Q: 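This is the structure, below, for whatever I ask next.
Source: prediction; values computed, not measured. Both backbone and side-chain heavy atoms feed into the values below; hydrogens, waters and symmetry mates do not. We name chains A, B, ... by the order of the sequence lines, and we start the count at 1 in each one.
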Number of protein chains: 2
Amino acid sequence: MAEPAILIVEDHVKMADSISKGLEENGFTTEVAYDGFIGKRLSDAKDYELIILDINLPQINGYELCAHIRKKNASVPIIMLTAMGSTEDKLLGFDQGADDYIVKPFEFRELLARIKALLKRVQPDPKSLRVLRVADLEIDLDSKTVKRGNISIDLTAKEFLLLEFLVQNKGKVVSKADIAEKIWNITFDTGTNVIEVYVNFLRKKIDKNFPVKLIHTHIGMGYILKAGDDANQN
Amino acid sequence: MAEPAILIVEDHVKMADSISKGLEENGFTTEVAYDGFIGKRLSDAKDYELIILDINLPQINGYELCAHIRKKNASVPIIMLTAMGSTEDKLLGFDQGADDYIVKPFEFRELLARIKALLKRVQPDPKSLRVLRVADLEIDLDSKTVKRGNISIDLTAKEFLLLEFLVQNKGKVVSKADIAEKIWNITFDTGTNVIEVYVNFLRKKIDKNFPVKLIHTHIGMGYILKAGDDANQN
DNA sequence: CATCATTTTAAAAGAAATCTCAGCTTGATT
DNA sequence: AATCAAGCTGAGATTTCTTTTAAAATGATG
């Protein structure tokens, strides 16, 4: 099935579309229902990641719809979004099972923040897989492990930092000055050649035994991490 | 174990006491801190069911305190409660990891509704997550007991905390700085070596008499808990 | 207040990582 | 091709990090 989406039930077309657009720009998938009846049909038909509900809706009002959704799906987060700002209204909303209640007018950024706060509760961080890849090189920032293909590679702390920096800038040439600052906290005026030495260490470990080299030198400029050999770069 | 309580960090004594009274009337247990420093101490010392945070606090402001709490306890719900109602303020609050943000003045019944809505989200898992496992190591957070295979292991309080932290981050390298902050509440600039000593204590108890070691050192990076020896990672 | 367990400090030895240095190789320029 | 600058490499010195032991502080208990 398609990725989970956010359902927006709102009869003001402009408002609905602007929320939808804003959310999509922030990486969410959305579906819009312009009245309560369609909202009900959609929410019955599939499971949403989150539902945004206006209260003054044609056909079925937001409170009823909220109660209906809750009866069938205890876990989907629901945000009520309405012009009615009295405490009584809010309490009614929470009573029907809403998780949050936002009064119009509001700033989109606040809605977004509240959506994120709520989603954080429901899907406790999908294991924050912090894994970076370049070609068949894979570096895991959590376990601090590195693999090329399916061969594990042991790196020391400095080597790992350097590789991480290169991977984060894959496809870009990074100067020795940048590296010196980032990894060694020095200003690269000192007559040291640690960087060359460590690039050499890295090459021995991640490139030497593999046909495709990943670390490339641009003389006078710095180093770049990418697949493809020096012949066909640019 | 004592029943979980709600922590209220708020310097306006009348406000704090009135919230506390209202919550107790509704069946909650509460504790009050009248400044940020005490709030920090309390939140460090034990796990709360929920935390209500004022922002304009003496000593430590609410944003900092919120970030601090989040770093140590990812899951406790935090409600910010403040007179500063601009969207910027709210976004800042959510950025620090708050779950809700209520602007004064507000009605108590709304606060109560929002607390309930939030708790509804958090409660569901306390049963299953109370026992953590890594390989044949089993640690029970309720009874504070530890077993390896079917051999019981006695740990002291600090040893248990350290092991719990490692287990919660199983498969990830945790730095000594992280450990120092989480377990000792120090900033790890102090020239102490308690951490090494305690890792050594733990190893004697949970690894020494077993063929498969669980605690592994990544020199210059930290420690990681996982099955499998350093040779065949992952 | 004496005792015992726990926590923390201190110090030494060992292991591993980091860095320096000198000589070598490669690439750019003429 | 000759020259010079830039980068590479291997060996070993230096430094840092980790482990381990022992003993001193701290705290809890009766």
Q: Atom CD of B/Glu196 to atom P of C/dA16: distance rounded to whole Å?
A: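 My rounded result for the distance is 16 Å.
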Q: Output the residues of residues 164-178 of chain A in contact with DNA chain C, where contact means a heavy atom of the residue under 4.0 Å from an atom of the strand; sort by number or write none.
A: none
Q: Across the strands shown, which category fits B/Val197 at heavy-atom distances under 4.0 angstrom: base, sugar-phosphate, nothing?
A: base
Q: Which sits closer to the 5' end of DNA chain C, A/Ile219 or A/Val194, going by the nucleotide each is nearest to?
A: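 Looking at the nearest nucleotide for each, A/Val194 comes out on the 5' side.
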Q: Calculate, to the nearest 0.5 Å, the distance between atoms CD1 and CD1 belonging to B/Ile52 and B/Ile6 respectively.
A: 5.5 Å
Q: Take the protein atom CG of A/Leu162 and the nucleotide atom C1' of C/dC19, then report the distance between them rounded to whole Å.
A: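 Checked: the CG to C1' distance equals 14 Å.
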Q: Return yes when atom NZ of B/Lys104 has more than 12 non-hydrogen atoms of other residues, nucleotides or ligands closer than 6.0 Å, and no otherwise.
A: yes
Q: Do the charged groups of B/Asp136 and B/Lys147 touch, with an N to O distance under 4.0 Å?
A: no
Q: To the nearest 0.5 Å, tell me how far B/Ile78 CD1 sits from B/Ile51 CD1.
A: 5.5 Å
Q: Let's go through A/Lys205 and A/Asp154 carefully: what are the C-alpha distance in whole Å and the side-chain angles of both, what is the deciding distance for salt bridge (charged side-chain N to carboxylate O under 4.0 Å, His left out) to 0.1 Å, and is it a yes or a no?
A: CA-CA 8 Å; A/Lys205 291 186 177 180; A/Asp154 270 330; over 6 Å; no
Q: Rounded to whole Å, how long is the line connecting atom CD of A/Glu159 with atom P of C/dA17?
A: 8 Å
Q: Does a salt bridge link A/Arg70 with A/Asp99, judged by any charged N lying under 4.0 Å from a carboxylate O?
A: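 So A/Arg70 pairs with A/Asp99 through a salt bridge.
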Q: Considering only heavy atoms from C-beta outward, does the side chain of B/Arg148 approach that of B/Val212 to under 4.5 Å?
A: yes
Q: Once you round to the nearest 0.5 Å, how far does CG of B/Leu214 lie from CG of B/Leu163?
A: 9.0 Å
Q: Just the endpoints, please: which first and last nucleotides of DNA chain D, 5' to 3', lie under 4.0 Å from a heavy atom of chain A?
A: D/dA6 to D/dG10
Q: Nearest whole Å is fine: how far is C/dT6 C1' from B/Lys204 NZ?
A: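 Result: 14 Å.
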Q: Could you tell me whether B/Phe201 contacts a base, only the sugar-phosphate backbone, or nothing, with contacts defined as non-hydrogen atoms closer than 4.0 Å?
A: base
Q: Going by an N to O cut-off under 4.0 Å, is there a salt bridge joining A/Arg130 and A/Asp142?
A: yes
Q: When you match B/Asn193 and A/Tyr198 each to their closest nucleotide on DNA chain C, which lands nearer the 5' end?
A: B/Asn193
Q: Can you measure A/Asn200 atom CG to C/dT18 atom C1' for me and round it to whole angstrom units?
A: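 So the CG-C1' distance, A/Asn200 to C/dT18, works out to 14 Å.
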Q: Quick one: is A/Trp184 getting a side-chain N or O under 4.0 Å of the C/dT18 phosphate, OP1 or OP2?
A: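 Checking C/dT18 against A/Trp184, no side-chain N or O comes under 4.0 Å of OP1 or OP2.
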Q: Using atom CD1 of A/Ile186 as one end and atom P of C/dC19 as the other, report the distance to the nearest whole Å.
A: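 Atom-to-atom, A/Ile186 to C/dC19, this comes out as 8 Å.
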Q: To the nearest 0.5 Å, what is the distance between CG (A/Leu137) and CD1 (A/Ile206)?
A: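 Output value for this atom pair is 5.0 Å.
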Q: Would you tell me if any nitrogen or oxygen in the side chain of A/Thr156 comes within less than 4.0 Å of OP1 or OP2 on C/dT18?
A: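 Affirmative; the distance criterion is met.
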Q: Could you walk me through whether B/Asp44 and B/Lys40 pass the salt bridge (charged side-chain N to carboxylate O under 4.0 Å, His left out) check?
A: CA-CA 6 Å; B/Asp44 277 349; B/Lys40 179 169 182 290; 3.8 Å; yes
Q: Just the rounded figure in Å: distance from C1' of C/dA15 to CG of A/Asp154.
A: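 Going from A/Asp154 (CG) to C/dA15 (C1'), I get 15 Å.
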Q: Extract the stems that DNA chain C is part of, considering only consecutive pairing runs of at least three Watson-Crick or G-U wobble pairs, both distances under 3.5 Å.
A: C:1-30 with D:1-30
Q: How many whole angstroms separate atom CE of A/Met221 from atom C1' of C/dA28?
A: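 Going from CE in A/Met221 over to C1' in C/dA28 covers 12 Å.
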Q: Test A/Glu49 against every option in A/Leu119, A/Ile115, A/Thr29, A/Val122 by the side chain to side chain contact (heavy atoms under 4.5 Å, CB included) rule and name the one that passes.
A: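 The side chain to side chain contact (heavy atoms under 4.5 Å, CB included) with A/Glu49 is passed solely by A/Leu119 among A/Leu119, A/Ile115, A/Thr29, A/Val122.
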Q: Under 4.0 Å from OP1 or OP2 of C/dT20: is there any side-chain N or O of A/Thr192 that close?
A: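 For C/dT20, OP1 or OP2 has a side-chain N or O of A/Thr192 closer than 4.0 Å.
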